[in-house]
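Chain identifiers are assigned alphabetically (A, B, ...) following the order of the sequence lines, protein sequences preceding nucleic acid strands; residue numbering begins at 1 within each chain.
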Amino acid sequence: AVGRVLRLCRRWGEGPRAQTLRLICATTAVQKKNVGASGPEKYTEAFIKKQIEEFNLGKRHLANMMGEDPETFTQEDIDRAIAYLFPSGLFDKQARPMMKHPTEVFPEQRKIQWGEDGRPFHFLFYTGKQSYYSLMHETYEKFLNVQKHQDQLIAQDLPLQKEKRNLAGSRWLTKIELEEMLLEKLSDDDYSRFVQLLQKLVALPCADIEENYIQKFSREVPVQLQKVVIEPLQYDEQGVPFSTGEGKRKTARATAVVYDNGTGKITVNGTDVLHYFPVVQDREQLLFPFQFLGRIGKHDMVCTVSGGGRSAQAGAIRLASAKALRSFVTEKEVEFMRQAGLLTVDPRVKERKKPGQEGPRRKFTWKKR
Amino acid sequence: QLDQGCAFHTAARGGLSSVSTQDVPAERPRAVFHTSESDPAKHAEQHEGRLYNIPLEEVKAVFPHGLPYRFQQQIQTFNEARVMVRRPALELLAYLKGSNFAHPAVRYVIYGERGTGKTMTLCHVVHYCSRQGWLVLHIPDAHLWVKNCKELLQSSYNKDRLDQPLQASVWLKNFKTSNERFLREIKTQKKYMWGKQESTEEGRPLGEVVEQGLARVRSASDAVGVVLREIKQQSHRGSFRLLVAVDGVNALWGQTTLRKEDKSPVSPEELTLVHNLRKMVRNDWSGGAIVTTLSQTGSLFKPSSAYTPHELLGKEGFDALDPFVPIPVANYSPREFESCYGYYLERKWLQHEKAHTEDGKAELQFLSGSNPRQLDRLAGPL
């Protein structure tokens, strides 16, 4: 922020000091700035506008450089162009060079809360948490509205609307999301009080009136959206039903095709399973999905596998065959398989070696002297 | 007719062989899996998949050195020797029964994947032949002669060749136990000199040659050579039939791990035993048969996936054995698997509770892939 024009806060009774600060601003070398005391960097509106102009200009230049049409150059094109022009091997994606719209780069900040005369705009400014208290105030106002409406309906002997809002698929905003919305820090206590108030509001029978307002603070829980679709059985030339599945474990990747009306024969990469997996342990792993479902001698399987070692390949084929077997089996059994852990990808991979240690966990031999 | 409470197998049950194996009732396991026919000559299609008993005295007499090690342990554990009748063995027996002994000896090569039962098939055939009264020349494992030999002597008979006294004497001892009768009957046709002083006159029984070989270990390999030559020359006369049973015949044409004193590798022809055995396996004699087995397990310098005659014998061996009848041996068929499983159950070898269920059986079949050796190893700890 060196060299940037800071719009300094003119506080009450800081006249002479403000002048001193302005003096300091001109010659930055005179006094060391206390970075922590001035709070997070404040960006002026003019600055943000200038950044936006520069961004747009830069976008057009980039489009010209890449030979694309400047008018239809989207953000994904920008990302691709930057990744091409400045290749980086850094692991952290946030650390790589990026070119994004200034509103994404510079965090949203509070504009100055008071006018030229020093008088704050908001009536709750002196509470310290003006947005929070104003929110509580608004919500309570809605609450009173709903109660008044309810009383009116009771007075007129009209039936109260009893449509229950479905709370099962929705959740309230989290504390972090609320903080982002209000642009100020909250405490846990504040947050819980707000959520309680919302719940009280929703519990009232006539809360449908304020539905719009309430929806600002609720999010859908995407539980059902990520449900895995089980593919239906396919039929090959002879009319034998079969289904495919893919699996992985460590570095091994496997695909399995499970045919019905079989004798329990298994072929891996063109060779018989006895030859490919001479160890009993690997064959037991292959046996597990079939044994669990009680279908040991009923299916034939043809698999291809690559990568990894002996155990990893066995685990990968096990996962692939379990996934393929889902198509042959009822939903309940699929749920049983999932609970047995047959359908979960094993997340264990080789842990990275750290510097200063001999391995991922092993330290160098400790020598007393 | 079948008494289910009876636990003794030696009682002959006459009507058993006619029981069909279609029904597998759990309450009559012994009926289905066993057969009382203990003479291999009478084994036929209906006995396929069943196990027959060899009395223990016969085992000691006929197989002093032929059976696989694990099978010998099983005999000790169960106190009986039960061999399964399988299709390759039946095929071989049919050929032997129908062969014309005036023609040169036919060579049969039993081959198959690891652990499918080649040696057991060979033993079945050896048992049949010994029951029929043939002279059985059974070499348990030719690989033992081309590796791990501690002593190599230069042969006195031929300067280029090397003797193996230990292996030769061990083999002579076992040969003596299995063929006592013939050693008295067959007479030598030539005079043999063992060194400067000892000699065997013409017309002496072959047993003397064997004794000589056992007494003088240095000349044991030559004694083996003499025995083989005599038997070969006299077999076509018709007084006896000769069966040459060699297990692991691919050792004769492969490489050896033995080295001479100057660290140069020994090739198989330089070993007396191998040289003589090769002469036996040539089909220039008549009045018998040659049954051999290929074995990858003991073979040297061969990949573990090799099992066909061409791969294991190499070009030289293949040409030497060339007109032969190949007999493939495969894993257990479902019926054979059932009978083996039933036998283990009955002898209480499978102790695990789950092993008695249908699921357990399916699991065993899956895990072993119906391979006899795998099944045997799996059933061990259960």
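A/Glu76 CD: 12 or fewer foreign heavy atoms inside a 6.0 Å radius. For B/Phe78, the CZ atom counts as densely surrounded, since its 6.0 Å shell holds more than 12 non-hydrogen atoms of other residues, nucleotides or ligands. A/Ile176 CD1: 12 or fewer foreign heavy atoms inside a 6.0 Å radius. Atom CD of A/Glu246 has 12 or fewer heavy atoms from other residues, nucleotides or ligands within 6.0 Å. Other residues, nucleotides and ligands contribute only 12 or fewer heavy atoms inside 6.0 Å of the CZ atom of A/Arg361.
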Chain A and chain B: which donor-acceptor pairs fall below 3.5 Å?
residue	atom	partner	partner atom	Å
A/His275	NE2	B/Glu113	OE1	2.4
A/Arg283	NH1	B/Leu367	O	2.2
A/Arg283	NH2	B/Gln374	OE1	3.4
A/Gln291	NE2	B/Glu363	OE1	2.4

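With sequence neighbours left out, A/Asp188 forms a salt bridge (charged side-chain N to carboxylate O under 4.0 Å, His left out) with A/Lys175.
Heavy atoms of A/Leu287 lying under 4.5 Å from chain B belong to its backbone as well as its side chain.
Atoms CZ and CD1, on B/Phe366 and A/Ile266 in that order, are 3.5 Å from each other to the nearest 0.5 Å.
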